[in-house]
Amino acid sequence: MGVGNKFSIDYMSLSSGLHTFDFEVDDTLFSEMESNEIKGGDCKVHACINCSDSKLDVNVVISGSVVVECDRCLDDCNVPVEFSGLLTVRFSDLQHDYDGDVMWISPSEDMLDLTQYIYESIVLSLPYSRVHEEGECNPEMLASFQEISEEELEALEAQAEEADVVSLDDNNRSILEALKAQMEKED
């Protein structure tokens, strides 16, 4: 059973009016969607559907947290998720593109699959900066990002230059010198 079945609603069996549904989002959704951003999560989805003959209005509220890579230390980081949105579902036999706000389905379909909408809503609700709370980042990784002084930078550059020169054999050195001489003539 795919994850899509988990977030599908048999809307054809619903009478006109309001109906509520609750779903649990776990790591399965993110692995099936092959998410590169989200490694896992635990979210609750509450969907309130207002059914009419011409359309469905689906009010979706999502809350919980997901696991992403910390922008600061690159370790896994829990980030809270809060989303509230309205999806309008319209019926048509013609092909229409889903734009995130309006979904078109054939009147002959009996199931409304909210998988894509739920996934996109979670991704869009992520904060721009995804970092641990102050003091929770990996201290070893943070230490590797320390700023270095100008003198330390110059020393590192000198070491790198020395290593490059030492590693050149005589043949490569003569080729580089010939190229350098040719470039100087062109100037």
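Just so it is clear, the values below take in all heavy atoms, side chains as well, and ignore hydrogens, waters and symmetry mates.
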Heavy-atom nearest pair, S65 first then N78, reads OG-OD1, 4.4 Å
Output for pair (K39 NZ, C77 SG), nearest 0.5 Å, gives 10.0 Å
* Can you hop from V81 to V79 via hydrophobic side chains spaced under 4.5 Å? -> yes
Worksheet entry | Any donor-acceptor pair under 3.5 Å from N59 side chain to L86 backbone | no
Value for CD (E134) from CZ (R72), rounded to nearest 0.5 Å, stands at 5.5 Å
Of all heavy-atom pairs linking Y117 and G85, the shortest is OH-C, 3.5 Å
dist D93:CG -> S106:OG (nearest 0.5 Å) comes out at 4.5 Å
Side chains of L18 and C48: does their closest heavy-atom pair fall under 4.5 Å? yes
Taken to the nearest 0.5 Å, the spacing of E109 CD from D10 CG works out to 12.0 Å
Is W104 linked to V58 within one hydrophobic cluster, defined over Ile, Leu, Val, Met, Phe, Trp and Tyr using a side-chain heavy-atom separation of less than 4.5 Å? no
Do I62 and L124 land in one hydrophobic cluster if side-chain heavy atoms of ILVMFWY residues count as linked below 4.5 Å? no
On a heavy-atom basis, the closest approach of Y119 and M33 is CD2-CE, 3.7 Å
| said: What verdict does the side chain to side chain contact (heavy atoms under 4.5 Å, CB included) test give for V25 and I122, after you've listed the backbone C-alpha separation in whole Å, the side-chain angles of each residue and the deciding distance to 0.1 Å? | reply: CA-CA 10 Å; V25 174; I122 291 171; 4.1 Å; yes
Closest heavy-atom pair, S8 versus M111, reported as atoms and distance to 0.1 Å, is CB-CE, 3.7 Å
Side chain K6, main chain T115, donor-acceptor under 3.5 Å
no
Flag the pair V60 / H46 as yes when at least one side-chain heavy-atom distance between them is below 4.5 Å, and no otherwise.
no
task = Please step through side chain to side chain contact (heavy atoms under 4.5 Å, CB included) for the pair M141 and L74, ending with a clear verdict.
result = CA-CA 8 Å; M141 183 61 85; L74 307 179; 4.1 Å; yes
I'd like to know if V45 and F21 are part of one continuous hydrophobic network [Ile/Leu/Val/Met/Phe/Trp/Tyr, side-chain heavy atoms within less than 4.5 Å]. yes
Rounding to 0.5 Å, atoms OG (S52) and CG (D57) come to a distance of 7.0 Å
For this session: Apply the test side chain to side chain contact (heavy atoms under 4.5 Å, CB included) to residues M103 and T88: give CA-CA distance (whole Å), side-chain angles for both, the deciding distance (0.1 Å), then the verdict.
Result: CA-CA 6 Å; M103 179 186 294; T88 301; over 6 Å; no
With a 6.0 Å cut-off on ring centres, are Y11 and F91 close enough? yes
Q) Does a salt bridge link D22 with K44, judged by any charged N lying under 4.0 Å from a carboxylate O? A) no
For G17 and H19, the nearest pair of non-hydrogen atoms, with its separation, is O-CD2, 3.4 Å
Please check: side-chain N/O of H132 versus main-chain N/O of N138, any donor-acceptor pairing under 3.5 Å?
no
Separation between CG (D27) and OG (S35), nearest 0.5 Å, reads 11.0 Å
Can you tell whether the side chains of E69 and R130 come within less than 4.0 Å, N to carboxylate O? no
- Using the rule that two of Ile, Leu, Val, Met, Phe, Trp, Tyr join whenever any of their side-chain heavy atoms come within less than 4.5 Å, decide whether L114 and L14 are in one cluster. yes
**Report entry** D26 vs D42, side chain to side chain contact (heavy atoms under 4.5 Å, CB included): CA-CA, chis, key distance, verdict
**Finding:** CA-CA 5 Å; D26 57 21; D42 183 24; 5.6 Å; no
**Prompt:** Any side-chain heavy-atom pair from F30 and V66 closer than 4.5 angstrom?
**Reply:** yes
Between C70 and C137, the two heavy atoms sitting closest are SG-SG, 3.7 Å
- Message: When you compare the side chain of V123 with that of I38, does any pair of heavy atoms fall below 4.5 Å?
- Response: yes
